[in-house]
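Some notes on the structure that comes next.
Hydrogens, waters and symmetry mates play no part in the numbers below; they use all other heavy atoms, side chains included. All residue numbers refer to positions in the sequence shown, counting from 1.
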Amino acid sequence: MNFTEHIIEYYDELYPITDDLIAFFKNELDAYPVPAKILSIECGTGLCEHRLAKCGFDITAIGAERRFIDTAVRRHRTPNAALRFFQMEPLDIGRFLAKNFYHCTAILDGFIYFIHDKTLLRKFLYDCKAGLVPEGRLIVHLPDMLQDKESPRVKLTSSIQNDEDGEKGLLTQTLERTDASGGIKRIPVRTGVPVYIPSVKELTGYAREAGFKDAAFYKAWKSLPVRPDEADIAVFS
């Protein structure tokens with residue numbers, strides 16, 4: 001059973017797209033030609049991408065899970081919006097997508113943590129850099145994976161256990177919902193999935209190795225810079 005089996009019904013509730021998030025992207029991409037080209041990596045159900053397309057951006061979105069991509073494609077599209085979805089692993093962007101093409105690449109909701117090998121994480125950042133125009137930027141969302149996510153219908157709880165070598169963690173996530181009798185039903189979503197959660201400082205070092213020269217840090221989709229140790233968003237350029 002994969003990640004999407006039980007969570008897809010509740011995904012947009014648990015991972016909402018806020019007005020602050022959309023405003024953040026508008027602010028970051030304001031200086032680029034219209035329409036600015038965005039590559040969205042692990043796009044989930046495509047809600048964010050549809051909202052950005054309505055703002056006039058040119059969106060290419062990829063995701064590894066077929067059910068997510070199918071859901072994203074089925075969403076109502078704004079007429080003439082430049083929006084396309086492909087099933088693709090994040091580590092394959094260097095093989096299949098254009099070089100020196102995008103103004104912005106984004107990976108949100110902590111999906112970068114699932115690139116759970118340091119060497120592969122470095123490769124991923126190199127591929128991101130190669131796909132960007134020289135002045136392009138990479139937006140990485142680095143949320144607290146242990147913080148519960150809750151909607152009126154369900155709650156998603158998470159726990160991480162260190163693996164034997166202490167380098168990686170094993171992520172377990174569970175959906176909790178109230179059944180017809182008033183009891184709590186717990187549904188496994190992920191069990192023992194490897195993750196690697198680098199510090200912002202470590203990720204910034206890898207980004208500089210990949211060719212990014214500048215880094216800015218933000219929190220909660222507010223366009224007010226914060227210190228790296230306070231940040232849950234990193235922008236590399």
Side-chain angles (χ1 to χ4, degrees), residues 1-16 41-45 62-68 88-93 106-125 127-128 138-179 183-207 209-210 217-221 226-234 236:
M1 183 182 300
N2 62 25
F3 169 58
T4 60
E5 181 74 19
H6 293 297
I7 202 170
I8 194 166
E9 176 183 350
Y10 309 106
Y11 191 86
D12 292 346
E13 302 173 26
L14 296 170
Y15 296 88
I41 298 174
E42 290 294 9
C43 60
T45 60
I62 69 163
E65 296 284 355
R66 168 52 61 185
R67 292 186 183 187
F68 276 160
M88 187 185 302
E89 295 283 350
L91 291 172
D92 286 336
I93 62 173
I107 182 165
L108 308 187
D109 295 322
F111 273 106
I112 197 169
Y113 301 149
F114 294 94
I115 305 174
H116 53 81
D117 178 272
K118 289 183 180 181
T119 300
L120 293 178
L121 179 57
R122 287 183 168 104
K123 174 191 179 299
F124 172 74
L125 293 170
D127 289 343
C128 287
L138 171 64
I139 298 175
V140 184
H141 183 204
L142 302 163
D144 179 359
M145 288 296 285
L146 296 179
Q147 183 175 356
D148 290 347
K149 292 183 173 295
E150 196 163 358
S151 78
R153 295 194 295 166
V154 292
K155 179 165 72 171
L156 180 68
T157 64
S158 303
S159 62
I160 297 176
Q161 291 184 325
N162 288 334
D163 65 1
E164 292 181 358
D165 62 14
E167 279 287 309
K168 304 171 187 175
L170 300 175
L171 173 68
T172 295
Q173 291 182 307
T174 304
L175 275 178
E176 297 181 359
R177 68 183 185 194
T178 304
D179 60 25
I184 301 297
K185 184 175 182 179
R186 293 177 173 83
I187 305 167
V189 174
R190 289 183 170 114
T191 303
V193 175
V195 292
Y196 180 67
I197 303 178
S199 67
V200 174
K201 180 179 179 181
E202 181 182 5
L203 185 65
T204 301
Y206 294 158
E209 289 178 9
F217 307 100
Y218 305 92
K219 188 173 182 63
W221 300 115
V226 298
R227 299 195 313 266
D229 61 327
E230 299 175 321
D232 61 10
I233 300 153
F236 303 117

Residues in salt bridge (charged side-chain N to carboxylate O under 4.0 Å, His left out) with [X], at least two apart?
X	value
Glu150	none
Asp117	none
Asp127	Lys123

List in chain and number order the residues that pass side chain to side chain contact (heavy atoms under 4.5 Å, CB included) with [X], two or more places apart in sequence or in another chain; answer none if no residue qualifies.
X	value
Asp229	Arg227
Glu202	Lys118, Tyr196, Pro198, Ser199, Tyr206
Leu170	Asp163, Pro194

* Would you mind reporting whether Ile62 and Asp92 have side-chain heavy atoms less than 4.5 Å apart? =>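 Contact flag for Asp92/Ile62 side chains = no.
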
* Heavy-atom side-chain proximity of Thr178 to Ile184 below 4.5 angstrom ->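 A side-chain contact under 4.5 Å exists here.
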
Can you list everything that forms a side-chain hydrogen bond (donor to acceptor under 3.5 Å, both in side chains) with [X]? Sequence neighbours excluded, please.
X	result
Ser158	Gln173
Arg153	Glu9, Glu13
Asp179	Ser181
Asp148	none

* With sequence neighbours left out, write down each residue that passes ring-ring contact (aromatic ring centres under 6.0 Å, His included) with His141, or none if nothing qualifies. =>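 Counting only residues at least two positions away or on another chain, His141 forms a ring-ring contact (aromatic ring centres under 6.0 Å, His included) with Trp221.
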
* To do: Go through the structure and list residues passing ring-ring contact (aromatic ring centres under 6.0 Å, His included) with Tyr10, not counting sequence neighbours.
  =>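 None.
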
* Asked: Quick one: does Asp144's side chain have a donor or acceptor within less than 3.5 Å of a partner on Leu146's backbone?
  ->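 Such a contact is found between Asp144 side chain and Leu146 backbone.
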
